[in-house]
Amino acid sequence: MPGNLEPLDLGIQIPYHFRCPISLDLMSDPVTISTGQTYDRTSIDSWIAMGNTTCPVTRVALSDFTLIPNHTLRRLIQEWCVANRSNGVERIPTPKQPADPISVRSLLSQASAITGTHVSVRSRAAAIRRLRGLARDSEKNRVLIAGHNAREILVRILFADVETTSSSSELVSESLALLVLLHMTETECEAIASDPGRVRFMTRLLFDSSIEIRVSAAALIEMVLTGSKSMDLKPTISGSDSIFEGVLDLLKNPISSRRALKIGIKAIFALCLVKQTRHLAISAGAPGILIDRLAADFDRCDTERGLATVELLCRLPEGCAAFGEHALTVPLMVKTILRVSDRATEYAAGALLALCTAEERCRDEAAAAGLVTQLLLLVQSDCTERAKRKAQMLLKLLRDSWPDDSTVNSDDFNRSEVAPF
């Protein structure tokens with residue numbers, strides 16, 4: 001029921017022919033199958049997906065699996081919803097129709113045509129734009145589009161003449177935006193990663209005048225990095241200062257959208273997973289940019305990725321030095337413990353362990369920020385075992401920095417449940 005209301009709660013009866021014969025719920029997207037029976041699209045899709053080849057009501061074998069939208073019935077249901085609005089019934093929205101295979105093939109054919117007298121760049125871009133709209137609507141549409149060889153076509157369009165700057169920005173923008181909506185295979189990712197020209201082209205797109213192209217380029221870089229399993233290929237992508245600078249610019253830009261920040265942190269994390277090139281992130285200014293963003297406006301998942309990146313960079317001496325110079329690093333890591341999530345706590349504790357091991361000044365700052373109390377709570381919490389081990393190591397490091405009036409110096413500390421060092 002719309003609004004999650006049951007019929008008995010409303011005190012009204014849903015007309016029989018408005019109910020799906022499978023779910024018995026009010027239909028929101030009625031479709032008719034080859035036997036003439038009408039069902040809600042979600043229900044009949046699930047029925048067919050389970051391998052059934054007959055009509056649920058008549059048990060007659062389906063001559064085909066085409067689902068025809070029943071617009072007349074849907075409008076009648078919407079009118080009934082409006083008429084019963086006073087009873088708490090919400091009007092069902094007009095559903096977006098799924099992509100049609102014939103239309104998808106036609107649009108891909110138009111997009112891949114050679115630009116000339118009969119097909120313009122604008123019409124090719126328009127075809128890709130329509131495909132992108134369909135891909136945004138549902139995962140089912142994305143699977144359908146990808147199943148028609150779309151990724152290969154888009155890669156060919158995107159990386160045409162990669163050594164030049166003559167490619168149409170509109171065509172590049174649309175093909176790039178659609179490509180990052182589709183799931184690329186390991187083979188496809190490694191084909192891009194192994195081509196120096198394509199890597200240079202992706203890097204160049206990070207500095208495009210269009211913010212949308214820059215964001216999509218970062219998304220593609222993250223996709224290729226995570227999709228490639230070859231450890232030899234990953235450094236070919238992350239091995240330039242420019243790629244770090246371009247991705248970090250998305251994070252430090254004050255007008256970056258939520259999407260830009262989310263893709264930016266995913267991309268910098270994927271780049272920093274490549275051990276051989278982490279030093280490039282540090283020289284590009286990642287420590288300061290990460291701390292500034294973590295102190296401001298990340299959601300939980302992005303905070304976890306940001307803290308994981310901080311911990312990765314703290315594994316390098318120059319990383320510890322750079323983070324240690326930022327006044328907010330230690331207080332922010334201390335504040336994060338037990339505040340965001342178990343993962344965030346573990347990453348923050350790992351970063352603090354590296355910082356406190358490297359510099360006595362960081363140990364003093366951490367103790368002054370109340371880290372000892374946080375660690376005592378952590379080792380007795382339900383957090384991960386790795387986080388608890390890091391907490392115990394930190395407590396051992398901080399012993400000389402404990403304030404005289406600290407709880408850990410009292411008799412009560414000797415009776416606590418903290419595991420012995």
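The first residue in the sequence is number 1, and the count goes up from there.
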For a 4.5 angstrom cut-off between non-hydrogen side-chain atoms, does [X] reach [Y]?
X	Y	answer
Leu220	Leu205	no
Ile157	Leu179	no
Val310	Leu294	yes
Leu280	Ser238	no
Leu154	Ser175	yes
Phe298	Glu304	no
Thr345	Val340	no

Without swapping roles, check the side chain of [X] against the backbone of [Y] for a donor-acceptor pair under 3.5 Å.
X	Y	value
Ser228	Leu225	no
Arg151	His183	yes
Asn141	Leu134	yes
Gln374	Ile337	yes
Arg363	Leu398	no
Asp208	Ser210	yes
Ser173	Ile213	no
Gln78	Ile92	yes

Shortest non-hydrogen contact from [X] to [Y]?
X	Y	result
Asn52	Phe65	O-CE2, 4.1 Å
Ala193	Val199	O-CG2, 3.7 Å
Ser381	Lys388	O-NZ, 2.8 Å
Arg41	Val31	NH2-CG1, 3.3 Å
Ala218	Leu206	N-CD2, 3.7 Å
Ala295	Leu328	CB-CD1, 4.3 Å

Problem set entry | Glu79 and Arg75 ion-paired at < 4.0 Å | no
Exercise. Is any NZ, NE, NH1 or NH2 atom of the basic residue among Glu365 and Arg361 found under 4.0 Å from an Asp or Glu carboxylate oxygen of the other?
Worked result: yes
Problem set entry | Side chains of Thr384 and Glu346, donor plus acceptor under 3.5 Å | yes
Exercise. Among pairs that include at least one residue of residues 171-186, which meet salt bridge (Lys or Arg N to Asp or Glu O under 4.0 Å), considering only residues two or more places apart or in two chains?
Worked result: Arg129-Glu174, Arg132-Glu174
For this session: Scan for salt bridge (Lys or Arg N to Asp or Glu O under 4.0 Å) pairs involving residues 310-320, sequence neighbours excluded, and state none if there are none.
Result: Glu311-Lys390
Seminar exercise, completed: Result for side-chain contact (heavy atoms from CB on, under 4.5 Å) between Phe323 and one of Leu332, Ile291, Ile282 points to Ile291
Can you give me every donor-acceptor pair (side chain of residues 257-268, partner residue at least two apart or in another chain, under 3.5 Å) with its distance?
| from | atom 1 | to | atom 2 | distance (Å) |
| --- | --- | --- | --- | --- |
| Ser257 | OG | Ala260 | N | 3.1 |
| Arg258 | NH1 | Asp297 | O | 2.8 |
| Lys262 | NZ | Asp299 | OD2 | 3.1 |
| Lys262 | NZ | Asp302 | OD1 | 3.4 |
| Lys262 | NZ | Asp302 | OD2 | 3.2 |

First locate atom [atom1] of [X], then atom [atom2] of [Y], and finally report the distance between them rounded to the nearest 0.5 Å.
X	Y	atom1	atom2	answer
Ile77	Arg19	CD1	CZ	11.5 Å
Tyr39	Met27	OH	CE	10.0 Å
Arg105	Leu144	CZ	CG	8.5 Å

Problem set entry | Within 6.0 angstrom of Arg142 CZ, more than 12 heavy atoms from elsewhere | yes
With a cut-off of 3.5 Å and sequence neighbours excluded, list every side-chain donor-acceptor pair involving residues 106-114.
| from | atom 1 | to | atom 2 | distance (Å) |
| --- | --- | --- | --- | --- |
| Gln110 | NE2 | Ser123 | O | 2.9 |
| Ser112 | OG | Leu108 | O | 2.9 |
| Ser112 | OG | Ser109 | O | 3.3 |

For this session: Starting from the C-alpha separation in whole Å, work towards a yes-or-no answer on side chain to side chain contact (heavy atoms under 4.5 Å, CB included) for Asp249 and Phe207.
Result: CA-CA 9 Å; Asp249 187 66; Phe207 299 91; 6.0 Å; no
Exercise. Does the side chain to side chain contact (heavy atoms under 4.5 Å, CB included) test come out yes or no for Val224 and Arg198, once each step is laid out?
Worked result: CA-CA 11 Å; Val224 172; Arg198 290 180 172 183; over 6 Å; no
Seminar exercise, completed: Applying side chain to side chain donor-acceptor pair (under 3.5 Å) to Thr185 and not counting sequence neighbours gives Glu188
Problem set entry | Pair listing, side chain to side chain donor-acceptor pair (under 3.5 Å) test, anchored in residues 320-337, at least two apart | Asp292-His326
